[in-house]
Amino acid sequence: MGNIRVRFAPSPTGPLHIGGVRTALYNYLFAKKMGGTFILRIEDTDQGRYVPGAEDYIIEALQWCGLTPGEGLGVGGEYEPYRQSERKDIYQKYALELVESGGAYYAFDTSQALEERRAAEAAKGNHNFRYDNVSRREMKNGLTLPASEVTRRLEAGEEYVVRLKVPNDETVTINDLIRGPVSFQTNELDDKVLLKGDGMPTYHLANIVDDHLMRISHVIRGEEWLPSTGHHVLLYRAFGWEGTMPQFAHLPLILKPDGKGKLSKRDGAKFGMPVFPLGWEGETPEDSFRGFREYGFLPEAVINFLAFLGWNPGTEQEIFSLEELCQAFTIENIGKAGARFDYDKAKWYNQQYIQRSENEALAALVRPQLAPKGYAPDAGYLEKVCGLLKERMTFLTDFWAVGCYFFEEVKQFDDQNIAKRWTPESRPVFEALLAVIEKNKSFAAADIEVSVKDFIAEGGLKIGQIFPLLRIALTGSMQGPGVFEMMGVLGREKTVARLRKAIDYFDAL
RNA sequence: GGCCCGUUCGUCUAGGGGUCAGGACGUUGCCCUUUCACGGCAGAGACACGGGUUCAAUUCCCGUACGGGCUACCA
């Protein structure tokens, strides 16, 4: 079978959707698994939908995810250019070649004329009008017009399109790697436009020409392309390229959390979750989005989550690094049915990855949250804090909420819980305890714990009278890591100052 | 409407003619713990329906239902 070459071919019409990321991921994994090449090609043949910045976004998003193309836009390669708008001449040449060979024809019907025709048919009760092997006989095209008339129109510069001449009465069958044999009746297929009035190719033409020229071995794309694959096969045939036609694998779609339709960009706002890898500044607030990155996701978690939306290794392992995914991936293990976007699962993955992060790595990821607040702790301190906090975070962005007291004084105390535990006798006890803590030699968590527990035992006290109040004194609330671990990290000075301040506050309540 | 694809716990899924239908998320309970979290244990929870084929179907075939996709000079 020659070299494995796969391409991810998004169109730059806006930020890359998470479904697109998964398509890229599966292409990437397949390429890596097979020792092949992962190619990035930009399908910008619709000048009307081109969005500035989208291309950079795509590249940045792939990079964030770790899905680096081995060839293509931004990387270069043997088959440049990889931006379809720069390949216009190529498509034109092939389209005309197809007209010559009889596989395609010129058509002069304007979009407006077609619209009117469709409306007229609809009025008659026929909602299925299409430009096909029957209706083309009554349209204005190279098959109905005399040759001289066609030449005249072309020479007059009249706008035209090139349409695929779909043959009659044939059955086209592909063997989809995920779904098995899928057949299409050519009589059901319309004469797709290949070359548009503006001289640009449609997806159908461009993708076949490029896949052929770029020696693509496998086309792994979303299921929304399955219905037009019959046309694609016909095109390979018309060009005489069927012998080297790539194999197809149509991926199941990612569905909305409620299962009603495929996930779309608006679902982010609707369900309160990200549907794009990175944030995007659109022209309006409705067109601006926070991405997984801004929500506080780790790219490794997003990748792991996405990989399992429609694929699984057949084992019970759930956590996979990108490298492990590359090893384990097979197209055979991709499911057929659409998968709902399970945001709870995504959160769980993120939490798992945060917990497994090295303190050092986590500290670096979390540091940017501190600067705007005016804090720049030294690395060692921040790492220790991360060590205590990481099992309490689901998102990177939880860091501040969950551990702000490691950087600034307690602003809000849990008065209810203080009132429940603080008695008139508490003050002398806590003052004595404070002295014990302050005098601790090493100020290591374990040592403080010993002395505090000794103090409690000697005084005939109960842990419940002491620990919770100590905790509230330090953090303001009933939540957080172990009290002594926190003291150890905060250090003698801060710990003592907070306890002293808290005793006054508690007593004044 | 037409064409194409699909259907195992609420969700993601494993499995495959004879299984106690397995795992994970979520959920419930318990344990751990000074608290929250983590972790551990336990529980509830699924083969869409109807016909075949077969000694035996969740698994194979056919229908039905339901869901999804496509149906542009968009990709």
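Here is the naming used below: chain letters follow the sequence lines, and residue numbers restart at 1 for every chain. Computation of the quantities below employed the complete heavy-atom set of this structure, encompassing side-chain atoms and omitting hydrogens, waters and symmetry-equivalent molecules.
- A straight line from CG of N359(A) to P of rC38(B) spans 18 Å, rounded to a whole angstrom.
- The side chain of Q351(A) contributes an N or O atom lying less than 4.0 Å from OP1 or OP2 of rC38(B).
- A cation-pi contact, defined as under 6.0 Å to the ring centre and within 45° of the axis, links R153(A) to F108(A).
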Enumerate donor-acceptor pairs with a distance under 3.5 Å from any side-chain N or O in residues 453-465 of chain A to protein atoms, sequence neighbours excluded.
{"residue": "K453(A)", "atom": "NZ", "partner": "E449(A)", "partner atom": "OE2", "Å": "2.8"}
{"residue": "Q465(A)", "atom": "OE1", "partner": "K462(A)", "partner atom": "N", "Å": "2.8"}

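- For rA14(B), the OP1/OP2 oxygens have a side-chain nitrogen or oxygen of N312(A) closer than 4.0 Å.
- Between F399(A) and F407(A), the ring planes lie tilted relative to each other; the angle falls in the 30° to 60° range.
- In this pair, H204(A) and H231(A) present their aromatic rings tilted. The plane angle is within the 30 to 60° band.
- D44(A) pairs by the salt bridge (Lys or Arg N to Asp or Glu O under 4.0 Å) definition with nothing, not counting sequence neighbours.
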Under 3.5 Å, N/O pairs linking protein and nucleotides 32-35 of chain B:
{"residue": "rU34(B)", "atom": "O2", "partner": "R471(A)", "partner atom": "NE", "Å": "3.4"}
{"residue": "rU34(B)", "atom": "O2", "partner": "R471(A)", "partner atom": "NH2", "Å": "3.4"}
{"residue": "rU34(B)", "atom": "N3", "partner": "R471(A)", "partner atom": "NH2", "Å": "3.2"}
{"residue": "rU34(B)", "atom": "O4", "partner": "V483(A)", "partner atom": "N", "Å": "3.3"}
{"residue": "rU35(B)", "atom": "O2'", "partner": "M478(A)", "partner atom": "O", "Å": "2.6"}
{"residue": "rU35(B)", "atom": "O2", "partner": "R471(A)", "partner atom": "NH1", "Å": "3.3"}
{"residue": "rU35(B)", "atom": "O2", "partner": "M478(A)", "partner atom": "O", "Å": "2.6"}
{"residue": "rU35(B)", "atom": "O2", "partner": "G480(A)", "partner atom": "N", "Å": "3.1"}
{"residue": "rU35(B)", "atom": "O2", "partner": "G480(A)", "partner atom": "O", "Å": "3.3"}
{"residue": "rU35(B)", "atom": "N3", "partner": "R471(A)", "partner atom": "NH1", "Å": "3.4"}
{"residue": "rU35(B)", "atom": "N3", "partner": "R471(A)", "partner atom": "NH2", "Å": "2.7"}
{"residue": "rU35(B)", "atom": "N3", "partner": "G480(A)", "partner atom": "O", "Å": "2.7"}
{"residue": "rU35(B)", "atom": "O4", "partner": "R471(A)", "partner atom": "NH2", "Å": "3.2"}

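- With sequence neighbours excluded, the residues satisfying side-chain contact (heavy atoms from CB on, under 4.5 Å) with E318(A) are F308(A), K345(A), W348(A), Y349(A).
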Report all side-chain donor-acceptor pairs from residues 476-489 of chain A shorter than 3.5 Å, counting only partners two or more places apart or in another chain.
{"residue": "S477(A)", "atom": "OG", "partner": "Q479(A)", "partner atom": "N", "Å": "3.0"}
{"residue": "E485(A)", "atom": "OE1", "partner": "G482(A)", "partner atom": "N", "Å": "3.4"}

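- The partner of rG1(B) is rU71(B), by the rule that a Watson-Crick or G-U pair needs both atom distances under 3.5 Å.
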**Request:** Mind running side-chain hydrogen bond (donor to acceptor under 3.5 Å, both in side chains) on Y131(A) and D109(A) for me, showing each step along the way?
**Result:** CA-CA 10 Å; Y131(A) 208 121; D109(A) 319 87; 2.6 Å; yes
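- Closest to the L309(A) side chain, of the nucleotides rC38(B), rC12(B), rC5(B), is rC12(B).
- For F184(A), taking side-chain heavy atoms from C-beta onward, the closest of the listed nucleotides rG2(B), rA24(B), rC4(B) is rC4(B).
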**Request:** Would you give a per-nucleotide map of nucleotides 60-75 of chain B, 5' to 3', where B means the base has a protein non-hydrogen atom under 4.0 Å away, S means only the sugar-phosphate does, and - means neither?
**Result:** --------SBS--BBB
